[in-house]
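Okay, structure first, notes after.
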Amino acid sequence: MLTVIKHIKMLAGITRPGEYRLQGERMSKIGHIDYAFLAIEDGKIWEFGMDIGAVPRGDVVIDAEWGWLFPSWCDPHTHIVYAGSREGEFVDKIRGLSYEEIAKRGGGILNSADLLHTMSEDELYEQAAARVHEMILKGTGCIEIKSGYGLNTEDELKMLRVIQRMKETLPVRIVSTFLGAHAVGRQYTQPEYVDLLLNEMIPEVGRQKLADYIDVFCDKGFFTPEETSRILEAGAKWGMRPKIHADELASSGGVEVGVRHNALSVDHLESMTDEEIEILRGSDTMPTALPGTSFFLNMPFAPARKIIDAGLGVALASDYNPGSTPSGDMKFVVSLACIKMGLLPEEAINAATINAAYAMGLSKDYGSIDIGKVANFFITEPIPSWDYIPYAYTSPIIKRVFLNGKEYK
Ligand code: NIG
Ligand code: FE
């Protein structure tokens, strides 16, 4: 069955075959066709071109009413499987406590772990699926989801099973990441917990094939680069490539350890130094900025402008989680990237689509418009330009969303 979308004012986000990530100056260009159509078959992009003359005749024809069409946002860093919420800590922060101080008092991630421990898999699934529903309506089509609120073998596996069920039942493309090394579980010392990760959790996750990637919160007060290195080596034995938390709270050595272990991405980077930018040069690792976290925690923003000016790529993600940024709104993340990190709208849109897809290992099939790619995209209201997307930073201009070629309502 052929579906044809006609009357597209601007078909944006077209990449050339073989372009799986964009770097440096290439990030400031968005491939596009003015007055376009897009044809879909079997959930994939079958053809596109100018909407004049020879438009293929579809079994189903959808009128875009001269809205703009973009590939769906990809969100390569989230923690959306969590129990409840932590608005109490939000108020603690307003009263003057820092994220680190809250964590040191046994709050933060450990609070979420306590709650998750008491919640059934069904309820966790329902809460996380509701978050995905909201994210889809805001234009997201691919989501990476981490474990990391279990912090013992049983509860980490429980989280990963919930993510597995989400993969199987929800229309978005999901990849899973094992983040047992998110914090030290309450009942363990740091060395005991690292041993548990190496000798029990990672082999069990590997045997059950429950994670695509492995993550470590490599930062001041959490896991050292040396511990991170051991954890990543153990994950590599089970085919889990790293995507790590680095340089959120301090320049912590996370970038170096990530690049050394061929990480797919190093994420956060709020405290990244110029030397660490140089370490990324020539690597396959995608620096991933999470400006929603800086906004929510009132922290410095990652030096994304400098990274692009150094000729490298940047991806954007929401980091959706109950502590440091309870939002999965990628359009707002794109706005923040422009307003707070100095990215041009084109750079921010590329960072949230094709480069974000790369940062979750999906850019061969997702993240841009190209023949054969999965038909995940959204159509906007008629807008004056793509600059208008980050500019109108709270306007709900994303009007219709499509996943696997089917409209999601
Ligand atoms: O990416 N930094 C570590 N982990 C999350 C926050 C988790 C939480 O506070 O629950 C983050 O910001
Ligand atoms: Fe995170």
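For ligands, and for the atoms within them, numbers begin at 1 and follow the listed sequence.
Short contacts between ligand 1 and Tyr99, defined as distances under 4.0 Å to a heavy atom of the residue, involve ligand atoms 6 (C), 7 (C), 8 (C), 9 (O). Listed by number with element, the atoms of ligand 1 under 4.0 angstrom from any heavy atom of Ile109 are 7 (C), 8 (C), 9 (O), 10 (O). Listed by number with element, the atoms of ligand 1 under 4.0 angstrom from any heavy atom of Asn321 are 5 (C), 6 (C), 7 (C), 8 (C), 9 (O), 10 (O), 11 (C), 12 (O).
A distance-only check finds no donor-acceptor pair linking the side chain of Glu25 to the backbone of Gly311 [under 3.5 Å].
If you check each of His77, His79, Glu248 against atom 2 (N) of ligand 1, the one with the closest non-hydrogen atom is Glu248.
When distances from the Fe ion (ligand 2) to the N, O or S atoms of His79 are compared, NE2 comes out shortest. Here the N, O or S atom of Asp319 that is nearest to the Fe ion (ligand 2) is OD1.
What sits closest to atom 11 (C) of ligand 1 on the protein, heavy atoms only, is Asp319 OD2, 3.2 Å. Considering only non-hydrogen protein atoms, atom 4 (N) of ligand 1 sits nearest to His182 NE2, 2.7 Å. Scanning the protein for heavy atoms near atom 12 (O) of ligand 1, the closest one is Ser324 OG, 2.5 Å.
Remark: Lys399 is not positioned above the aromatic ring of Phe378, lacking an NZ or CZ atom under 6.0 angstrom from the ring centre and at most 45 degrees off the axis. By the 6.0 Å and 45° rule, Lys146 does not stack over the aromatic ring of Phe178. For the pair Arg241 and Tyr213, the cation-pi test (distance below 6.0 Å, angle within 45°) is failed.
One of the N, O or S atoms belonging to His77 lies under 2.8 Å away from the Fe ion (ligand 2).
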| said: As a quick check of understanding, evaluate side-chain contact (heavy atoms from CB on, under 4.5 Å) for Arg207 and Trp238, giving each step before the final call. | reply: CA-CA 8 Å; Arg207 264 194 288 276; Trp238 294 93; 3.7 Å; yes
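Centroid-to-centroid, the aromatic rings of Phe377 and Phe402 come within less than 6.0 Å.
The aromatic rings of Tyr82 and Tyr149 sit perpendicular to each other, their planes meeting at more than 60°, with 30° as the lower class boundary.
Between Glu233 and Lys237, no side-chain nitrogen of the basic residue sits less than 4.0 Å from a carboxylate oxygen of the acidic one, so the salt-bridge criterion is not met. Ion pair Glu154/Lys158 not flagged as a salt bridge, since none of the NZ, NE, NH1 or NH2 atoms sits closer than 4.0 Å to an Asp/Glu carboxylate oxygen.
Inclusion of His245 in the set of residues having an N or O under 3.5 Å from an N or O of ligand 1 is warranted. Considering backbone and side-chain N/O of Ser112, none are found under 3.5 Å from N/O of ligand 1.
Close to ligand 1: Tyr149, with a non-hydrogen atom less than 4.0 angstrom away.
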